[in-house]
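Data first, discussion second: the structure below is written as structure tokens.
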Amino acid sequence: MPEGHTLHRLARDQTTRFAGRPVRVSSPQGRFAEGAALVDGQVLNVVRAHGKHLFAVFGAHTVHVHLGLYGKFAAGNGTPPEPRGALRMRWVGTDAWTDLRGATACEVLTPDDVAGILARLGPDPLARRPDGSLAGLRIARSRAPIAGLLMDQSVLSGIGNVYRAEVLFRHRVPPYLPGRELGPERWAAIWADLVTLMRAGVRSGRIITTLPVHRSRRTGRVASADAHYVYRRTGLPCRLCGTPVAMHMLSSRKLYFCPRCQQTPIEALL
DNA sequence: GCAAAATGTCAAG
DNA sequence: TTGACCTTTTGCA
């Protein structure tokens with residue numbers, strides 16, 4: 001589930017489990033063999049996330065991982081399992097191991113390379129001191145639909161298709177509204193909401209946007225079918241107004257929204 | 001047992 | 001705008 005919350009959670013966990021000690025790094029699949037050799041046996045300093053990018057610092061070498069659509073880490077304690085399938089990268093620490101498969105990017109970078117990537121990324125709601133003002137300026141100058149801008153990692157980073165759809169619904173924003181028509185107050189509210197939602201996502205490891213409405217009285221849990229307002233709910237009734245949830249393709253990604261709750265005020269009056 | 005889909009990005013045209 | 005990339009999971013026969 002690689003939106004920003006996943007990467008920040010991974011950074012935190014991997015730092016806890018591996019940092020401060022040497023890590024055996026290998027690439028059973030072979031595709032990362034050269035990179036692995038550069039850092040194998042080195043002490044891991046820290047793992048950090050910015051948006052959907054993960055940076056594991058081994059002295060002057062940084063392992064950069066981008067999970068893309070399919071990438072996934074598996075992890076455990078004790079002896080790692082026999083390598084199976086396309087295992088791009090394996091870490092083995094003193095009592096912990098982790099396996100990476102399917103990532104779009106897994107490479108060793110210099111500090112300059114890392115700075116170059118960070119320079120291309122917009123502010124991250126999961127930063128220690130979140131500041132959405134730069135993203136707000138970009139949005140206020142753009143004619144592009146807000147639904148597209150939210151997914152643009154150079155405008156703000158870490159938002160994927162789920163948070164995009166859900167936050168627009170939560171604020172009743174029409175997805176095609178041009179960025180310049182959003183207004184600063186609405187942007188401030190959206191940004192603050194993203195900070196809250198994504199921090200909750202780091203804690204739980206899931207994207208739940210419907211709390212507290214759909215939490216079970218008995219167990220306090222949210223069923224996966226109840227975790228979202230519109231994401232992947234095409235044709236199902238909107239949880240607020242009952243209108244069937246709509247799905248459009250926008251820039252070849254699926255965009256989910258409620259055509260009634262997310263109308264512009266003027267359209268709503270017609 | 002196989003096809004399709006999945007939370008993403010980049011390069012080619 | 002379209003396809004390539006990469007792997008696992010889900011859903012249908």
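Computed from a predicted model, the values in this text were never measured in an experiment. Proteins get letters first, then strands, A, B, ... in listed order; numbering begins at 1 in each.
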inquiry  = Give me the distance, rounded to whole Å, that separates dA4(C) from dA4(B) when you measure between the P atoms they each carry.
reply    = 15 Å
key: Separation of dA5(B) C1' from Asn161(A) CG (nearest whole Å)   = 13 Å
ask   = Between atom NZ in Lys72(A) and atom P in dT8(C), what is the gap in whole Å?
value = 9 Å
Taking only nitrogen or oxygen atoms into account, show me every contact under 3.5 Å that the protein makes with nucleotides 9-13 of chain B, one pair per line with its distance.
{"residue": "dT9(B)", "atom": "OP1", "partner": "His66(A)", "partner atom": "NE2", "Å": "3.4"}
{"residue": "dT9(B)", "atom": "OP2", "partner": "Lys52(A)", "partner atom": "NZ", "Å": "3.4"}

query = Do His228(A) and Phe169(A) have ring centroids that are under 6.0 Å from one another?
reply = no
key: Integer-rounded Å distance: dT7(C) P and Arg88(A) CZ   = 6 Å
Leu156(A)-Leu149(A) co-clustered via ILVMFWY side chain contacts under 4.5 Å = yes
remark   = Rounded to whole Å, the CG-P distance (Leu69(A) to dT7(C)) equals 13 Å
Atom-pair distance (NE2 on His8(A); C1' on dT7(B)), nearest Å = 15 Å
ask   = Rounding to the closest angstrom, what is the interatomic distance between dA13(C) and dA5(B) at atom P?
value = 14 Å
ask   = Within this structure, what is the OH-to-P distance between Tyr256(A) and dT7(B), rounded to whole angstrom?
value = 6 Å
message = What's Arg31(A) touching, base or sugar-phosphate or nothing? Going by heavy atoms closer than 4.0 Å.
response = sugar-phosphate
task = May I ask you to verify if any side-chain N or O of Lys254(A) is less than 4.0 angstrom from the OP1 or OP2 atom of dA6(B)?
result = yes
task = Return the value, rounded to whole Å, for the distance between atom CZ of Arg232(A) and atom C1' of dT10(C).
result = 9 Å
query = CG of Leu197(A) versus C1' of dT7(B): gap in Å, rounded?
reply = 15 Å
For Arg24(A), side-chain hydrogen bond (donor to acceptor under 3.5 Å, both in side chains) partners two or more places apart = Asp40(A)
request  = Just call it for Gln29(A): base, sugar-phosphate, or nothing, with non-hydrogen atoms closer than 4.0 Å on any strand.
outcome  = sugar-phosphate
ask   = Are Met89(A) and Trp91(A) side-chain neighbours, meaning at least one heavy-atom pair lies under 4.5 Å?
value = yes
inquiry  = By the definition side-chain contact (heavy atoms from CB on, under 4.5 Å), identify the one residue from Pro259(A), Pro244(A), Cys258(A) that meets it with Cys238(A).
reply    = Cys258(A)
ask   = So, is Tyr163(A) near the phosphate of dT7(B), with a side-chain N or O under 4.0 Å from OP1 or OP2?
value = no
key: Pairing of Arg239(A) and Asp226(A) as salt bridge, 4.0 angstrom limit   = yes
inquiry  = I'd like the P distance from dC5(C) over to dC2(B), given in whole Å.
reply    = 22 Å
query = Should Leu44(A) and Phe73(A) be regarded as members of a common hydrophobic cluster, given that ILVMFWY residues are connected when their side-chain heavy atoms come within less than 4.5 Å of each other, either directly or indirectly?
reply = yes
